[in-house]
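Before any comments, here is the structure.
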Amino acid sequence: MCGIVGFISKNKDTNFLIEGLKKLEYRGYDSAGIAVVKDGEIAVQRCEGKIRNLEKKLDDFPMESTIGIGHTRWATHGKPSEENAHPHQSAGVVVVHNGIIENYLELKEMLKGEGHKFTSETDTEIIPHLIQSFMKKGDDFEAAVNSALKMIRGSYAIAVINKAEPGKLITARFSSPLVLGISSGEYFVASDIPAILSHTNEVVFLDDGEVATLTIDGVTVKSLDGVVKEKKSTIINWSPVMAEKAGYKHFMLKEIFEQPQAIIDTISGRISEDSGKVFLPDLNITTDDLKKVKKITIIACGTSWHAALVGKFLIEELLRIPVEVDLGSEYRYRDPIVGEDDLLLLISQSGETADTLAALKEGKDKGAKIVSICNVVGSSITRVSDGVIYTHAGPEIGVASTKAFTTQIIALYLFTLFTGERLELIALDDAKKMLLDLVLIPNQIKEILEQKDTIDKIAKKYSHASDFLYLGRGINYPIALEGALKLKEISYIHAEGYPAGEMKHGPIALIDEALPVVVIAVRDKTFEKMLGNIEEVKARGGQVIAITDAPADEIGAKADGVITIPTTSHLLMPVLATIPMQMIAYAIADFKGTDVDQPRNLAKSVTVE
Ligand code: M6R
């Protein structure tokens, strides 16, 4: 949560901070601010609300400078307000921060005792005061930052500038993401890559406990104890336009429509339909490692957890290896039974979700092999994993996850086929057939996307409903959960996803003529049962929207709205069934006029517990 940016350059820059913050607005958007050194003084502008408010403010107070830091906030300590907005300062030392300082009350009391005065309710404000306190006691700027960080308990990514040394920007991280951008004569820091992409694609990922000092002559990275670290840079092959809306009304809509390409990018170079083989070089796992695995636990949060539930079906059906699925926030606190015979599969779009990362560390400490499925190269989760399968979905900016989800399922499919081949659990002809099914998916998604007008009409008819029920069975039950989550988060309509077989055990009581029920009825072994569920809903006056690959005459008369999707193997049906779910949620939210890309109370990357 929260996004931070900073830069130092030979030339004066006005735009980077605002443009960079706009790219990070998905991380939090309840207040924002920037600080620069101008005419030898620190100049700060902050305001409540989105970056556009800050931008307007800057029309009257231009902030041209060769050094600056900025912040977009998702409130944890203290309500969204100008006083609580970052940057925070103490006598010329100015800080932006992403994370939570757990011992801030204790440190605040100590600093008050030294005479420091506080103006906000935030945990962050103690940082500039602490740095200032160490400088007063004789530390130079860098030593003071190190001393302050050593006293802090919790998570942080910070960027600091200091009026007394206007040619230096110091930045550091612990459990919150941070990336440096390297260009000639200018250096950048940001919480995420899209913020710096329009300036450079050469990046350095900072690790926990590292502190970087940026000057116009270059970047030095050291440990908190001052030991110099050699860091390698990485070239990111995302282009800046990938992080733009490209004519779409919202990022979410663009990202829904990018799914055919995202899936092509996720499978390309990784499969051979002729040989039936899957290649996952970054998985970093030997056949012997795989043979030792007695149980796979898939851990994730939110939408990624829904992909994990699909993964359980894929792996158990094809590999017959037992799979547990857990939420990061539950796993980390339940003293899990895990050891060297276990494989932990972490799924995360951002690679920065705090609970998923903590669960990973728990499993790693207990000796499990760790593999992650992730969309962001070099993110925290990938760096502590033994192996990675990257979803090549490109930057996902909309807070509601779409293309990351479908590519996560594709990555799970690839992992299953790869393991099946290595352990000789899947016959070659079957593997070839499964890969053929896979390569057809992008075009089949396009067929669904072409039905946008029809789907919009069906969705809008129900946009005034106050509740929705989503039903699915088997491998499509997680898609019912995902459909409900998408609708909830962007339209603010209450929605529940349920396994259809459980309907009679309670939720059937909800059904009346005001309740739209979205039913995934695809022609797999549960089809007849799903038709039975549709009858049960209709018999009680409910409104049925069916998502089906059955011919219209088989289901049309029973449902109030039918969205037809192409047929594929039952294992890949969740990918196709997801697309109408996303389109329904988007159409309803757009019709209601909610803030689709930045829904209230949410942030894209949940880097705090
Ligand atoms: O980056 P991650 O995949 O780890 O994020 C997990 C969840 O926070 C995320 O999927 C969230 O549920 C989305 N808002 C769903 O659209």
Side-chain angles (χ1 to χ4, degrees), residues 1 3 24-29 74 175-177 191-194 250-253 255-256 259 262 298-311 325-332 344-360 372-382 384-385 388-391 393-409 411-412 470 478-479 481-492 495 497 578 581-586 589 594-609:
M1 327 293 246
L24 297 183
E25 213 169 8
Y26 69 85
R27 300 179 65 84
Y29 32 81
W74 186 86
S175 291
S176 291
S191 299
D192 198 0
I193 297 163
H250 295 103
F251 278 111
M252 181 181 178
L253 186 61
E255 288 157 7
I256 290 172
Q259 289 175 108
I298 318 181
I299 303 169
C301 298
T303 284
S304 299
W305 179 70
H306 298 154
L309 293 172
V310 174
V325 176
D326 217 332
L327 293 157
S329 51
E330 291 295 321
Y331 186 86
R332 61 185 296 191
L344 248 58
L345 196 47
L346 287 302
I347 308 182
S348 175
Q349 185 287 130
S350 61
E352 301 294 347
T353 300
D355 285 324
T356 309
L357 188 57
L360 183 166
S372 55
I373 291 177
C374 190
N375 194 39
V376 180
V377 174
S379 54
S380 302
I381 285 173
T382 65
V384 269
S385 298
V388 186
I389 307 173
Y390 282 111
T391 47
E396 191 181 67
I397 311 290
V399 164
S401 188
T402 52
K403 60 179 181 171
F405 176 67
T406 44
T407 54
Q408 285 165 351
I409 298 177
L412 285 159
Y470 286 74
I479 307 308
L481 296 178
E482 174 61 7
L485 177 63
K486 282 295 85 96
L487 188 71
K488 272 186 273 211
E489 60 182 343
I490 62 167
S491 75
Y492 316 143
T578 298
M581 296 293 189
Q582 299 167 343
M583 295 169 82
I584 290 170
Y586 176 80
T594 58
D595 194 342
V596 171
D597 284 332
Q598 294 168 353
R600 68 185 180 204
N601 306 337
L602 291 175
K604 178 83 183 153
S605 192
V606 185
T607 54
V608 293
E609 268 193 71

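Keep in mind that the numbers below use all heavy atoms, side chains included, and drop hydrogens, waters and symmetry copies. What you see is a predicted model; the values in this text were computed from it and never measured. Ligands are counted one by one from 1 in listed order, and the atoms in each one are counted from 1 as well.
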Glu489: salt bridge (Lys or Arg N to Asp or Glu O under 4.0 Å) partners, not counting sequence neighbours: Lys486

Test item: side-chain donor near acceptor, Ser372 and Ser385, under 3.5 Å: yes

Candidate pair Thr402 and Tyr586, rule side chain to side chain contact (heavy atoms under 4.5 Å, CB included), full reasoning: CA-CA 11 Å; Thr402 52; Tyr586 176 80; over 6 Å; no

Short side-chain donor-acceptor distance under 3.5 Å, Gln349 and Ser304: no

Expected rows: ligand 1 N/O, protein N/O, dist below 3.5 Å:
residue: ligand 1; atom: 1 (O); partner: Ser348; partner atom: OG; Å: 3.4
residue: ligand 1; atom: 1 (O); partner: Gln349; partner atom: N; Å: 3.4
residue: ligand 1; atom: 1 (O); partner: Ser350; partner atom: N; Å: 2.8
residue: ligand 1; atom: 1 (O); partner: Ser350; partner atom: OG; Å: 2.6
residue: ligand 1; atom: 1 (O); partner: Thr353; partner atom: OG1; Å: 3.4
residue: ligand 1; atom: 3 (O); partner: Ser304; partner atom: OG; Å: 2.6
residue: ligand 1; atom: 3 (O); partner: Gln349; partner atom: N; Å: 2.6
residue: ligand 1; atom: 4 (O); partner: Ser348; partner atom: OG; Å: 2.6
residue: ligand 1; atom: 4 (O); partner: Thr353; partner atom: OG1; Å: 2.4
residue: ligand 1; atom: 5 (O); partner: Thr353; partner atom: OG1; Å: 3.4
residue: ligand 1; atom: 10 (O); partner: Thr303; partner atom: N; Å: 3.1
residue: ligand 1; atom: 12 (O); partner: Thr303; partner atom: N; Å: 3.3
residue: ligand 1; atom: 14 (N); partner: Val399; partner atom: O; Å: 3.2
residue: ligand 1; atom: 14 (N); partner: Glu489; partner atom: OE1; Å: 2.9
residue: ligand 1; atom: 16 (O); partner: Thr303; partner atom: OG1; Å: 3.3
residue: ligand 1; atom: 16 (O); partner: Ser401; partner atom: N; Å: 2.8
residue: ligand 1; atom: 16 (O); partner: Lys486; partner atom: NZ; Å: 3.0
residue: ligand 1; atom: 16 (O); partner: Glu489; partner atom: OE1; Å: 3.4
residue: ligand 1; atom: 16 (O); partner: Glu489; partner atom: OE2; Å: 2.4

Pairing residues for Ala393 by the side chain to side chain contact (heavy atoms under 4.5 Å, CB included) criterion, not counting sequence neighbours: Ala262, Asn375, Lys403, Thr407

Salt bridge (Lys or Arg N to Asp or Glu O under 4.0 Å) pairs, two or more places apart, involving residues 344-360: Arg332-Asp355

